[in-house]
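Below is one structure; the comments refer to it alone.
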Amino acid sequence: MDVARVRADFPIFQRSFHGHPLVYLDSAATSQKPRAVLEAEERFYADHNANVHRGVYALSVEATDAYEGARERVARFLHADDPSEVVFVRGTTEALNLVATSLGRSALARGDRVLTTVMEHHSNIVPWQMLRESMGIGLDFVDIDAEGRLRTDDLERHLLRRPKVVTVCHVSNVLGTVNPVREIADRAHAAGSLVVVDAAQSAPHRPIDVRELGADLLAFSGHKVLGPMGIGVLWGRKELLAKMPPAMGGGEMIQEVHQDRVEFREPPARFEAGTPNVGGAVALASALDYLEGVGWDEIAEHERSLLEYSSRQAHERFGERLRIYGPAESRDRQGIQAFSLQGVHPHDIATILDAEGVAVRAGHHCCQPLMERLGVPALTRSSPYIYNDPADIDHLYDGLEKVAQVFA
Ligand SMILES: Cc1ncc(COP(=O)(O)O)c(C=O)c1O
C-alpha cells in the first residue's frame, strides 16, 4: 500500500500542532476524512439537495435516488441479501439503542436475560442496563481470559441460562481482540438467542459479511470508516426487522395515521423517523468506495505490519515497563494498542505526546467495566489506520521516551 499517496488524499495532514506535523493515532475514536468523502457530501448539498421520499419533482427524485443508492452501497459492503435490511441511523450507539428499545417492546419480558461481554463499549452495555431498570430483564457479562480473549467456558455457562439476546463486539476498542463471532453466534443460536454484533471497530478494517458472521443484527458507525459523523448503520435480517416495532415515531415511518390508530411502514422506513442524514449517507457510500479502492487485503496487510512494528518497538525500547493489553498474537487482534507505562498516568502520557504532535487517547475509552476487570483506572491507546506509517509509530515511541524521562 502506498501510504504517502493515501495520506495525500486527507487534507487534515497538512496541519501541524505545537510545531509538529500531525501524527494521528486516534482512529478508533474517529477516522480522518479523504477529500473524496468531503466532496461527495458537498456535491449532494450543492447539486441534489431536497427532502427524500416526499416529492414528485425532479430534484427530490434525485435526492431520493442518491439516498437509496447509498443504502445499496452499504448493503453490498455488508453482503446483505437486500438493501431493505439496511437502516440508516446516527451511529453505532443509536443502532444499539434502537435494537434494545425495539426488542424490549417485542421480544423481551421481565425475567428474560441478555448476555453481553465485559469488553463491550458503554453503548453496548448501557441500553441493556436501561432495559434492566425499566422492565426487569437480567443482564450478564461474559468474562475474558488473561490475554483479553472472551472465555468460551464462561460463554457456555451463561448460555445454559438461555439468554434471549447475545450481544458482542466484533473487535474490542481497547484490547483489539477480534472475537470469533461466527463461533459465538452458532453457540448462541443453539441456545435459542438472537445475536447482535457491534461492528464499530471491525467495519473500518475488514469487509463485513453479515451472513458469514451469523449475525441477526449488526451496527457500525460511518465516522470510523472515513465517513462523516452523524451517519451509521443498523443491519438486520429481513424477517427479524419485519417483526420489530419502531423505537421512534414521526414522519416517514408511517403507512397511515388516524386519531385512533397508526400503521407503520415496512423496514427500513419503519426505523427511520424524520428527515434522514442524506448527505451523510451519500458520503458514507463514497467512503466505502474509497476503502474498496485502496483494497481490503492491502489494508489488512498494512495494518498487520504496523502492528508488528509497533509491538517490536514497544518491546525493544521499553521492555517490561510498557504493557500492551490484549492478545499477543497479531493474527488474533487488530492494530489498536491500549497500554500502560510504569509509573505514569495515561493522561500525562497523552498530554506530553500532544506537545510532540502525537494524538492518542487516554482514559477509560467508554469501557469502564473492562477497566475494572483489568484493574486499571485508565489506559493510553494508539489506534493507527490506513494513513499511518512506521514513521508515525517512531514518533509515538520517541514521545514515550520523553514521557519516561520526565517521570524518571
Ligand atoms: C466498539 C464500539 N462500539 C460502539 C461505539 C460507539 O460508536 P458511536 O459513538 O459512533 O456511536 C464505539 C466508539 O468508539 C466503539 O468503539
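Indexing begins at 1, ligand by ligand and atom by atom, following the structure's order.
Residue-level proximity to ligand 1 for His365 is absent, since no heavy atom of it falls below 4.0 angstrom.
Taking 4.0 Å as the cut-off, Lys224 counts as a neighbour of ligand 1 on heavy-atom distance. Distances shorter than 4.0 angstrom do not occur between any heavy atom of Cys169 and any atom of ligand 1. Contact analysis leaves Asn124 out of contact with ligand 1, as no non-hydrogen atom separation drops below 4.0 angstrom.
Salt-bridge check for Asp81 with Lys238: failed, with every basic side-chain N at 4.0 Å or more from each acidic carboxylate O. Residues Asp186 and Arg182 are paired through a salt bridge, judged by an N-O separation under 4.0 Å between the basic side chain and the carboxylate.
Residues that satisfy the side-chain contact (heavy atoms from CB on, under 4.5 Å) test with Glu308, not counting sequence neighbours, are Arg304, Arg312, Ser330.
Of the protein's non-hydrogen atoms, Asp198 OD2, 3.4 Å is the one closest to atom 2 (C) of ligand 1. The nearest protein atom to atom 4 (C) of ligand 1, hydrogens excluded, is given as Ser123 OG, 3.1 Å; this is a heavy-atom distance. What sits closest to atom 9 (O) of ligand 1 on the protein, heavy atoms only, is Thr93 OG1, 3.7 Å. What sits closest to atom 15 (C) of ligand 1 on the protein, heavy atoms only, is His121 CD2, 3.3 Å. For atom 16 (O) of ligand 1, the closest non-hydrogen atom on the protein side is Gln201 NE2, 2.7 Å.
We find the CZ-CG distance between Arg270 and Leu241 to be 8.0 Å, quoted to the nearest 0.5 Å.
The closest side-chain donor-acceptor pair between Asp394 and Tyr309 falls under 3.5 angstrom. Side-chain contact annotation: Ser84 with Glu266, donor-acceptor N/O pair under 3.5 Å absent.
Listed by number with element, the atoms of ligand 1 under 4.0 Å from a non-hydrogen atom of Asn173 are 16 (O). Taking a cut-off of under 4.0 Å to the non-hydrogen atoms of Ser221, the atoms of ligand 1 that pass are 7 (O), 8 (P), 10 (O), 11 (O). For ligand 1, the atoms sitting less than 4.0 Å from at least one non-hydrogen atom of His223 are 8 (P), 10 (O), numbered in the order shown with element in parentheses.
Between Tyr385 and Tyr387, the ring planes are perpendicular. Angles over 60° get that label, and only those under 30° would be called parallel.
Geometrically, Arg7 engages Phe13 in a cation-pi contact, judged by NZ or CZ lying under 6.0 Å from the ring centre and within 45° of the ring axis.
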